[in-house]
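Worksheet for the structure shown next.
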Amino acid sequence: MVNLTFSNATKLSFKNVKLIAVPFGKSYQQQTRAIQVHGLNNLNVTNNTVTGNTNRKQASVLTTSIPYSTGWHLTVDGQKKSTQIVNSGFVGASLTKGPHHVRLVYETPGLKLGKWLSIGGGLLLIIASLWQFVWQRRQQA
């Protein structure tokens, strides 16, 4: 039997529910622990930033569980570095041997352009309104 508990839900409806149980076994747990040993230390996650430290014994690939998007920007030891798609859709990057400070920051793609276009549109609206006001005043005079 499986019990599901939803907090703060007033109404739920499901058309179809399917539960799949996959036994991972000891091998999966051992592999997971080995991967976690090489993860980021001093991990700090905020709304749009992930930071941490790592010390690699050899060159390797930083692998995250963050879905890949062009909005993620990576710096390693303060230097910009490109991200790559790992594990069929997650953010990752190549790291060289040694200690590193990793910082991932998310900026919504197109947000800056949208902001500048909105400001430009607002200015054009103000200019057009002023021009129309002046033109109407001249017509009345």
Side-chain angles (χ1 to χ4, degrees), residues 1-140:
M1 180 167 88
V2 175
N3 292 321
L4 297 176
T5 305
F6 299 96
S7 60
N8 299 326
T10 56
K11 181 180 177 183
L12 294 172
S13 63
F14 299 94
K15 290 183 181 180
N16 189 2
V17 176
K18 185 185 234 184
L19 177 65
I20 300 173
V22 178
F24 289 114
K26 290 182 182 179
S27 174
Y28 175 78
Q29 292 171 352
Q30 290 170 343
Q31 290 174 5
T32 302
R33 281 191 208 106
I35 291 170
Q36 289 171 342
V37 167
H38 301 293
L40 294 177
N41 301 316
N42 302 322
L43 186 65
N44 185 18
V45 179
T46 61
N47 289 340
N48 65 342
T49 305
V50 177
T51 61
N53 300 312
T54 185
N55 192 357
R56 304 292 173 140
K57 293 181 181 177
Q58 62 186 21
S60 59
V61 175
L62 172 70
T63 305
T64 71
S65 59
I66 301 169
Y68 182 82
S69 167
T70 57
W72 284 104
H73 302 282
L74 172 68
T75 57
V76 176
D77 302 327
Q79 303 294 317
K80 289 183 181 180
K81 187 158 178 62
S82 62
T83 59
Q84 62 190 52
I85 299 173
V86 296
N87 293 339
S88 301
F90 298 98
V91 176
S94 298
L95 292 177
T96 58
K97 176 182 174 181
H100 299 291
H101 177 72
V102 176
R103 180 180 169 98
L104 276 164
V105 178
Y106 185 77
E107 294 178 7
T108 304
L111 185 63
K112 287 182 183 177
L113 176 61
K115 180 176 76 172
W116 287 110
L117 289 173
S118 296
I119 291 170
L123 288 173
L124 284 175
L125 179 64
I126 291 169
I127 291 168
S129 297
L130 287 173
W131 183 78
Q132 184 176 6
F133 177 76
V134 170
W135 186 74
Q136 286 178 351
R137 287 274 179 146
R138 286 185 182 173
Q139 294 294 328
Q140 292 174 354

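One-based numbering along the sequence shown. Just so it is clear, the model here is predicted, and its values are computed rather than measured. FYI, side chains are in, hydrogens and waters are out, and symmetry mates aren't considered; it's all heavy atoms of this structure.
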*asked:* A side-chain contact here means heavy atoms from C-beta on lying under 4.5 Å apart; do Arg56 and Leu62 qualify?
replied: yes

Do any side-chain atoms of residues 83-100 form donor-acceptor pairs under 3.5 angstrom with protein atoms, and if so which ones, sequence neighbours left out?
unit_1	atom_1	unit_2	atom_2	d
Gln84	OE1	Ser94	OG	3.4
Thr96	OG1	His100	NE2	3.2
His100	ND1	Asp77	OD2	2.8
His100	NE2	Thr96	O	2.7

_So for atom CD, which belongs to Gln136, do other residues, nucleotides or ligands contribute more than 12 heavy atoms lying within a distance under 6.0 Å?_
yes

*asked:* As an exercise, state the distance from OG1 of Thr10 to CG of Leu12, rounded to the nearest 0.5 Å.
replied: 7.5 Å

*Taking only residues two or more places apart in sequence, or in another chain, which ones meet Lys115 in a salt bridge (charged side-chain N to carboxylate O under 4.0 Å, His left out)?*
none

_Inter-residue atom distance Thr49.OG1 - Leu104.CG, 0.5 Å rounding_ = 9.0 Å

*Do you know which two heavy atoms are closest between Ser69 and Pro109, and how far apart they sit?*
OG-CG, 4.2 Å

*Between atom CG of Leu40 and atom CG of Asn55, what is the distance when rounded to the nearest 0.5 Å?*
12.0 Å

*asked:* Between His101 and Thr51, is there a side-chain heavy-atom distance shorter than 4.5 Å?
replied: yes

*Look up atom OG1 in Thr70 and atom OH in Tyr106, then write down how far apart they are to the nearest 0.5 Å.*
7.0 Å

*Within a radius of less than 6.0 Å around CD of Gln139, do more than 12 heavy atoms belonging to other residues, nucleotides or ligands occur?*
yes

*Rounded distance (nearest 0.5 Å) linking atom OG1 of Thr64 with atom CH2 of Trp72*: 8.0 Å

*asked:* Is it true that, when you exclude Phe6 itself, more than 12 heavy atoms of the residues, nucleotides or ligands shown sit nearer than 6.0 Å to its CZ?
replied: yes

_If I take atom CZ from residue Arg138 and atom CZ from residue Phe133, how far apart are they, to the nearest 0.5 angstrom?_
12.0 Å

